[in-house]
Number of protein chains: 2
Amino acid sequence: MAILEGTLPPGTPLSRRRLAEELGMSSVPVADAIARLEGEGLVESKARAGTRVKIATADEIRGNYVLREALETHSARLFAECADARQRERLMRTAERLDRAYNALGRSKEYSQARHAKVERIHIEFHMQIARATKVPLFADAIERSRVLLFNWIFTVARDFEKFPERWHRDLAEALAKGSAEEAAAAMRCHVRFRQADVIERFQHLARRQEQDSRMVRGPRRRVEN
Amino acid sequence: MAILEGTLPPGTPLSRRRLAEELGMSSVPVADAIARLEGEGLVESKARAGTRVKIATADEIRGNYVLREALETHSARLFAECADARQRERLMRTAERLDRAYNALGRSKEYSQARHAKVERIHIEFHMQIARATKVPLFADAIERSRVLLFNWIFTVARDFEKFPERWHRDLAEALAKGSAEEAAAAMRCHVRFRQADVIERFQHLARRQEQDSRMVRGPRRRVEN
DNA sequence: TCTTGGAAACTGGCACGTCAGTTATCGGAT
DNA sequence: ATCCGATAACTGACGTGCCAGTTTCCAAGA
């Protein structure tokens, strides 16, 4: 069910029976899959009232970055300590490819979520290369889980282009591939925090704009949620 | 289904139908619960061949500690930065209680898993107090997941008493409650690594002894696992 | 004694149907 | 036009039953 990775916007309802019909199977395996997605936090369901793709709050996004700061920083430390030459070189190449992709995205005329998702997938691959080099599957899995979560949330706030330093990941990869463990960890910490600040700022901007919109359209339109 | 937290030794088979009968329900909700446990890594199942409580390998235990070093170190950093006075004081009290419990365990005449589990529960509570103080649920959840995993594995290797420094957690709590963020992180890193070394040494000792045993009993008794 | 093979018992996967609770819709009252 | 409430459609939870693999175990052969 990787269909859900970015193609379904948050809030989309997922009906067990409807999906079962589309996929040509009974509703039981669909329910299992949905339950798994719920366990990973990608989806939330109220009993007997439907399941929808999770809508993240600002706090949850912030929390995701706190978690990631812990995981990725340590991952970088381990990479600097124990990656072999081939992995280091490969990381540098991926970093260059990623920076090129981001720069191309920033230069393109109009925002396309499909294109953005493609670049974000490279971004995940970049960090997973680091994580996998630690040779600790449990650890790499934890990083992947939290990355997938954010992958699904980020398109809520990324309505316009991503504009980042031109050689952002290249510099990070260099710190990981050539620096000490502490330098690598510090570089990664800086990387995660930069991104966190950027995303949260976008989120708050979005929230302000939405509040403005709803106030302009109507008076008592605010619904009680949950 | 918290029944599984320590009372069922690794390798115990979990039959959907048998559990359903015991609990007086149909097999469907039981299957759901087991699927959830599998998602958390507490249980592993081969299709149409049964589900059993997961038997951890040395690598997985080591991996668990790598993950924990990342999470707990950051958790300690955040605690030192943003816990309030009440939380700091409470942590000191829990640390004292935990050290007392460990010392009592070390003095008792014979090993009792039930008693040990009780102490380990306090140990989890200690670390969860730190994690909860960060006010990042996603982060605290990640720590809890990895702690619960190890909670289930540790009794495999802990066949004798736990002997630790007498004021071990008290000193750690002091570093967290009164030190800087960096001091707190360093103290926690030291704490996790000490425990990791201890557990892995026990695990290898156990593996050596089991290999010896199986060699003494019979020749071609080694089963092909997978 | 050790191997082997085959059948019975058991396993999880899944289909189908029912049930109780939630939500959305639409017609009637204001 | 707005509000409201009854009802119908829909939702996930779960019971029952079958199926195709896997494991286990015991008897027959070496």
Side-chain angles (χ1 to χ4, degrees), chain A residues 1-4 7-57 152 214-226, chain B residues 1-4 7-57 149 152 213-226:
Chain A
M1 308 289 165
I3 311 168
L4 181 138
T7 62
L8 296 180
T12 308
L14 292 180
S15 162
R16 208 173 56 166
R17 270 172 263 261
R18 196 175 311 278
L19 279 176
E21 197 178 357
E22 284 177 19
L23 299 175
M25 48 191 358
S26 129
S27 71
V28 176
V30 176
D32 285 358
I34 288 180
R36 189 140 29 101
L37 291 178
E38 191 177 4
E40 290 177 18
L42 282 165
V43 128
E44 58 189 349
S45 69
K46 281 187 288 182
R48 291 175 183 104
T51 303
R52 12 193 96 235
V53 179
K54 178 153 175 79
I55 301 176
T57 66
N152 236 44
S214 73
R215 220 178 325 195
M216 284 179 75
V217 173
R218 204 153 294 266
R221 238 296 178 79
R222 272 163 285 176
R223 279 283 191 83
V224 180
E225 306 204 17
N226 74 355
Chain B
M1 308 294 162
I3 309 168
L4 180 137
T7 63
L8 296 180
T12 307
L14 292 181
S15 161
R16 201 176 60 167
R17 272 172 259 263
R18 197 174 309 279
L19 280 176
E21 198 177 359
E22 283 177 18
L23 299 174
M25 46 189 359
S26 128
S27 72
V28 176
V30 176
D32 285 358
I34 289 181
R36 188 139 30 100
L37 292 177
E38 191 177 4
E40 290 177 18
L42 282 164
V43 129
E44 58 188 349
S45 69
K46 280 187 288 183
R48 291 175 183 105
T51 304
R52 13 193 95 236
V53 179
K54 177 152 175 80
I55 300 176
T57 67
L149 263 187
N152 238 44
D213 286 0
S214 72
R215 219 178 325 194
M216 285 179 75
V217 174
R218 204 153 295 266
R221 241 292 180 78
R222 271 164 286 174
R223 278 284 189 83
V224 180
E225 305 205 13
N226 64 352

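Each chain gets a letter, A, B and so on, in the order the sequences are listed, and its residues count up from 1. Worth knowing before you read on, the calculation uses all heavy atoms, side chains too, and leaves out hydrogens, waters and symmetry mates.
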Pairwise N/O distances under 3.5 Å, protein to nucleotides 16-22 of chain C:
unit_1 : atom_1 : unit_2  : atom_2 : d
C:dT22 : O4'    : A:Arg48 : O      : 3.1

Separation of B:Arg52 atom CZ from D:dT24 atom C1', in whole Å? 12 Å
What does B:Thr51 touch in the nucleic acid at a heavy-atom separation under 4.0 angstrom: a base, only the sugar-phosphate, or nothing? sugar-phosphate
Side-chain N or O of A:Arg18 closer than 4.0 Å to phosphate OP1/OP2 of D:dC10: no
Could you state the atom-to-atom distance from CE of A:Met25 to C1' of C:dA15 in whole Å? 11 Å
Could you state the CD1-C1' distance from B:Ile34 to C:dC10, rounded to the nearest angstrom? 14 Å
Could you state the atom-to-atom distance from CG of A:Leu37 to P of D:dG12 in whole Å? 13 Å
Return the nearest nucleotide to the side chain of B:Pro29; candidates are D:dT11, D:dG15, C:dG12. D:dG15
If the condition is side-chain contact (heavy atoms from CB on, under 4.5 Å), which residues does A:Arg36 pass it with, not counting sequence neighbours? A:Glu40
Which residues share a side-chain hydrogen bond (donor to acceptor under 3.5 Å, both in side chains) with A:Ser45, sequence neighbours left out: A:Glu38
I need the CG-P distance between B:Leu23 and D:dA13, as an integer number of Å. 18 Å
Quick one: closest heavy-atom pair of A:Val43 and A:Thr51, and the distance? CG1-CG2, 3.4 Å
Grab the CG-P distance between A:Asp32 and C:dG13 for me, whole Å please. 8 Å
State which residues pass side-chain contact (heavy atoms from CB on, under 4.5 Å) with B:Ala56; sequence neighbours excluded, sorted by chain then number. B:Glu60, B:Ile61, B:Trp153
What side-chain donor-acceptor pairs closer than 3.5 Å can you find for residues 12-29 of chain B, not counting sequence neighbours?
unit_1  : atom_1 : unit_2  : atom_2 : d
B:Thr12 : OG1    : B:Pro9  : O      : 2.5
B:Ser15 : OG     : B:Arg17 : N      : 3.4
B:Ser15 : OG     : B:Arg18 : N      : 3.2
B:Ser26 : OG     : B:Val28 : N      : 3.1

Within this structure, what is the CG-OG1 distance for the pair A:Asn152 and A:Thr7, rounded to the nearest 0.5 Å? 8.0 Å
Quick one: B:Leu14 CG to C:dT11 P, roughly how many Å, whole number? 11 Å
